[in-house]
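I have placed the structure first, in the form of structure tokens, so that the comments after it can refer back to it.
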Amino acid sequence: MTTRVLALHGPNLNLLGTREPEIYGATTLADVDRALLQLAAELDLELTARQSNHEGVLIDWIHEAQQTGVAGVLINPGGLTHTSVALRDALTAFQGPCVEVHLSNIHAREAFRQQSLTAGACVGAVLGFGADSYLLGLRALAGRIAVSSDT
Ligand code: CA2
């Protein structure tokens, strides 16, 4: 059976590679998605990647993932990481594993970025490795899905 996973990119991540390269690197979101799709194929996962600038849209996609049997969620919640109880609640309600990823090391940045409201609803987080955070996060998610489907 096909194992489906959802990769979600939060607000402003559509700007990746176009501004602030000193913080977020020169890789575009399309580059990230291409690399994710390639790794997903190697891991035998069917990955769908989506980006939205709207909190409610991200929440709706997580609900839809739950309703349609998606096995796991990889998410960079962007700035919502630090503010959104509603997004955390949606991730908590999702029954499969979720992994949070960040391009930057949020703990080495401004105080307001050092707290994640959403990471506590995830099995773990990968941060600070630029676009590689997504790939490491996808490997971790695949491992979790494999373990939970064994039991
Ligand atoms: O490091 C990350 O991945 C962040 O989730 C990125 C968010 C930021 O609010 C979080 O604190 C950490 C920002 C995403 C916006 O990305 C941009 C990329 C290029 C130009 C402007 C924004």
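Keep in mind that what you see is a predicted model, and the values were worked out from it rather than measured. First listed ligand is number 1; within each ligand, the first listed atom is number 1. Keep in mind that the numbers below use all heavy atoms, side chains included, and drop hydrogens, waters and symmetry copies.
- The protein atom (non-hydrogen) at minimum distance from atom 16 (O) of ligand 1 is Asn12 O, 3.6 Å.
- Looking at ligand 1, you'll find an N or O of Arg113 within less than 3.5 Å of one of its N or O atoms.
- Nearest protein neighbour of atom 20 (C) of ligand 1, counting heavy atoms only, is Arg19 O, 3.3 Å.
- Side-chain N or O atoms of Glu100 include none that pairs as donor or acceptor with a backbone N or O of Val126 at under 3.5 Å.
- The aromatic rings of Phe112 and His82 sit perpendicular, their planes meeting at an angle over 60°, well past the 30° parallel limit.
- With a 4.0 Å heavy-atom cut-off, ligand 1 is reached by the backbone of His102 and by its side chain too.
- Rounded to the nearest 0.5 Å, atoms CG (Leu138) and CG (Leu39) are 4.5 Å apart.
- Checking Asp31 against Thr28 by side-chain atom types alone, a donor-acceptor pair falls below 3.5 Å.
- Among all protein heavy atoms, the one lying closest to atom 21 (C) of ligand 1 is Glu20 OE2, 3.5 Å.
- The protein heavy atom nearest to atom 1 (O) of ligand 1 is Ser104 OG, 2.5 Å.
- Residue contacts with ligand 1, taken as heavy atom pairs separated by less than 4.0 Å, involve Asn76 solely via side-chain atoms from C-beta onward.
- Remark: the backbone N or O of Val99 is not paired with any side-chain donor or acceptor of Arg144 at under 3.5 angstrom.
- Ranking the protein heavy atoms by distance from atom 10 (C) of ligand 1 puts His82 NE2, 3.5 Å first.
- The Leu13 neighbourhood of ligand 1 comprises atoms 14 (C), with distances under 4.0 Å to a heavy atom of that residue.
- Considering backbone and side-chain N/O of Leu15, none are found under 3.5 Å from N/O of ligand 1.
- Residues satisfying the ring pair (Phe, Tyr, Trp, His ring centres under 6.0 Å) criterion with His9, sequence neighbours excluded, are Tyr134.
- The backbone N or O of Ala146 lies less than 3.5 Å from a partner atom in the side chain of Ser149, making a donor-acceptor pair.
- Considering only non-hydrogen protein atoms, atom 6 (C) of ligand 1 sits nearest to Tyr24 CE2, 3.5 Å.
- Taking every non-hydrogen atom of Leu103 and a distance limit under 4.0 Å, the qualifying atoms of ligand 1 come out as 1 (O), 2 (C), 3 (O).
- Between the side chain of Gln95 and the backbone N or O of Gln66 there is no donor-acceptor pair closer than 3.5 Å.
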